[in-house]
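To keep things clear, I will list the structure first and then write my remarks on it.
Letters A, B, ... are given to chains in the order of the sequence lines, protein chains preceding strands, and every chain is numbered from 1. Below, all heavy atoms of this structure are taken into account, side chains as well, without hydrogens, waters or symmetry copies.
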Number of protein chains: 2
Amino acid sequence: MGTTATQPSLWDRSRQAVVASIFETAMRLFAEQGYEATTIAQIAKEAGISQRSLFRYFGTKEDIVCGEQEEHGELLRAAVEAQPAAATPWEALRAGFEALMDAHGSPEQLLEITTLIFDTPSLRARYTQKRLRWQEAVLPAVTDRMAAGEGPVSEVRAAAVVATVFACVDAATEAWVRGGGRSDLAALYDEALAAVRG
Amino acid sequence: MGTTATQPSLWDRSRQAVVASIFETAMRLFAEQGYEATTIAQIAKEAGISQRSLFRYFGTKEDIVCGEQEEHGELLRAAVEAQPAAATPWEALRAGFEALMDAHGSPEQLLEITTLIFDTPSLRARYTQKRLRWQEAVLPAVTDRMAAGEGPVSEVRAAAVVATVFACVDAATEAWVRGGGRSDLAALYDEALAAVRG
DNA sequence: GCCCGCCTGGCAGTCACTGCCAATCGGACA
DNA sequence: TGTCCGATTGGCAGTGACTGCCAGGCGGGC
């Protein structure tokens, strides 16, 4: 364990450094010229890496921005499943998102990334696509929770609850972004859900 | 008006014929080989048209499948706004979707298209993107309706209601597709919404 | 000092999509 | 009827994202 913890970490460390370098270069260029106007060739050049290698770190141009979402899906699933059995699906999912927001480093960077995603159609499409995977990931936990409360649950009912929570997160996030991040995201989410369930 | 009604209709008729021809050719090839494996060049060749002209009819490959969604958005908006003032947002939106489903010709073709979209990631992403425009289109009507019931409404609340309805439509549609279209889509939608609001 | 993996870069190719230009087609009008 | 004109078409060359392939380099283990 001691060797496997240091040796791969050397590779991983350099790998993380390259990833971060590409990411920062790309975000700077996106901010300067816009996402569509920035080419992969330009990012690679300014990051001092070959185009071919860039694609080995980020499978697609969109993944440079949306890439982190992958791991966050796992985090969300784990957080939801870790909630006490007594919690309703709504409470469990809310707690899951809370955990997700805690995991983020600087709120400024989160706002920057989220704004870019919501302002760029192709990025938003990709983001929505990834969120579909999140929905699939938390579905079993939600199904179980609903079944505990009211007996056997049809597929649609659980899927609808999950989809609704994500829809409210989306509405809240959009309002948050449009307001320049000045309001509280969690409060917006609560307001959104209250409008639906109240 | 008389001339403008017959003359463009000749052009439009031939245009519609070409569109239909491309669409049918493409759907056949998609069914035979899958969406990704079918190239624009192949569709153009088999439809007896140049690649360049194909792109004049359908701006993107995805639009061959998702293209109709554009006009349906208008239909939905009109139907929602045409609902009586006494109807709640939920009732108005439900009626809107009912109108939309009535507008579709054969249910078999609807099922075929929808299945293709839900089974193909890039198509589903594009579809979701277009649905976002629908959401923006019906948002004013829903905001007005909510304001009538409870006074001034914040942006988030109305957006959340709209997003939730679309999320339930999505969940219902997915269940409908996964079940091979054997269940009733409207019933699935009602079940989905009941799970959320009940 | 040598060998062996892995990483990297470059190259050529595919595919969706776009701008440009010339040919053509069909109706309008003299 | 013949001619003109606007719209449609097709081909061509180019861009940009992305992929497979192959050769070279850099590390660490023997």
Side-chain angles (χ1 to χ4, degrees), chain A residues 2-23 25-26 29-30 33-67 120-127 129, chain B residues 2-23 25-26 29-30 33-67 120-127 129:
Chain A
T3 53
T4 53
T6 49
Q7 279 226 346
S9 94
L10 276 180
W11 276 356
D12 277 358
R13 235 175 273 270
S14 93
R15 191 195 140 83
Q16 283 307 102
V18 176
V19 165
S21 155
I22 296 172
F23 175 78
T25 306
L29 291 171
F30 293 159
Q33 331 169 334
Y35 176 81
E36 308 284 358
T38 306
T39 70
I40 289 285
Q42 194 182 6
I43 299 170
K45 193 173 182 181
E46 299 226 1
I49 203 179
S50 83
Q51 207 165 329
R52 194 64 189 82
S53 286
L54 195 155
F55 276 116
R56 281 198 256 266
Y57 286 104
F58 298 94
T60 68
K61 186 182 176 186
E62 286 142 5
D63 277 350
I64 300 176
V65 181
C66 300
T120 312
S122 72
L123 282 178
R124 183 149 186 191
R126 178 73 164 178
Y127 171 74
Q129 194 177 341
Chain B
T3 52
T4 53
T6 49
Q7 281 226 345
S9 96
L10 276 181
W11 276 356
D12 276 358
R13 234 175 275 270
S14 94
R15 190 194 142 81
Q16 283 306 104
V18 177
V19 165
S21 156
I22 296 172
F23 176 77
T25 306
L29 291 172
F30 293 159
Q33 330 169 332
Y35 176 81
E36 308 283 359
T38 306
T39 69
I40 290 285
Q42 193 181 6
I43 299 171
K45 194 175 184 181
E46 299 225 1
I49 202 178
S50 82
Q51 207 164 329
R52 194 65 190 83
S53 286
L54 195 156
F55 276 115
R56 282 198 256 265
Y57 286 103
F58 298 95
T60 68
K61 187 182 175 187
E62 287 142 5
D63 277 350
I64 300 177
V65 181
C66 300
T120 311
S122 72
L123 282 177
R124 183 147 186 193
R126 177 74 163 178
Y127 171 74
Q129 195 177 340

[X] vs [Y] side-chain heavy atoms within contact, under 4.5 Å:
X       : Y        : answer
A:Val65 : A:Arg126 : no
A:Asp63 : A:Phe55  : no
A:Ile64 : A:Tyr57  : no

Without decimals, in angstroms, what is the distance between [X] [atom1] and [N] [atom2]?
X       : N      : atom1 : atom2 : answer
A:Lys61 : C:dA16 : NZ    : C1'   : 14 Å
A:Glu62 : D:dC18 : CD    : C1'   : 12 Å
B:Gln51 : C:dA16 : CD    : P     : 8 Å
A:Glu36 : D:dA17 : CD    : P     : 9 Å
A:Leu54 : D:dT19 : CG    : P     : 12 Å
B:Arg15 : D:dT9  : CZ    : C1'   : 14 Å
A:Phe55 : C:dT8  : CZ    : P     : 15 Å

Any pair counted as salt bridge (charged side-chain N to carboxylate O under 4.0 Å, His left out), so long as it reaches residues 38-50 of chain A, sequence neighbours left out: A:Arg28-A:Glu46
Under 4.0 Å protein heavy-atom contact, by nucleotide of nucleotides 22-27 of chain D - B base, S sugar-phosphate only: ------
Under 3.5 Å: donor-acceptor pair, side chain of A:Tyr35, backbone of A:Pro121: no
Please determine, for the side chain of [X], which listed nucleotide ([options]) has the closest atom?
X       : options                : result
B:Ser53 : D:dA17, C:dG9, D:dT9   : D:dT9
B:Thr60 : C:dC17, D:dC18, D:dT19 : C:dC17
B:Arg52 : D:dC21, D:dG11, D:dC18 : D:dG11

Partners meeting side chain to side chain donor-acceptor pair (under 3.5 Å) with B:Thr38 (sequence neighbours left out): B:Gln33
Which residues share a side chain to side chain donor-acceptor pair (under 3.5 Å) with B:Thr39, sequence neighbours left out: none
By salt bridge (Lys or Arg N to Asp or Glu O under 4.0 Å) - contacts of B:Glu36 (at least two apart): none
Any B:Tyr57 side-chain N or O less than 4.0 Å from OP1/OP2 of D:dT9: yes
Sugar-phosphate only, base, or nothing, as touched by B:Phe58 at under 4.0 Å among non-hydrogen atoms: nothing
Residues touching DNA chain C, which here means a heavy atom under 4.0 Å, drawn from residues 38-50 of chain B: B:Thr38, B:Thr39, B:Ile40
Shortest non-hydrogen contact between B:Gln129 and A:Ala125, atoms and distance: OE1-CB, 3.7 Å
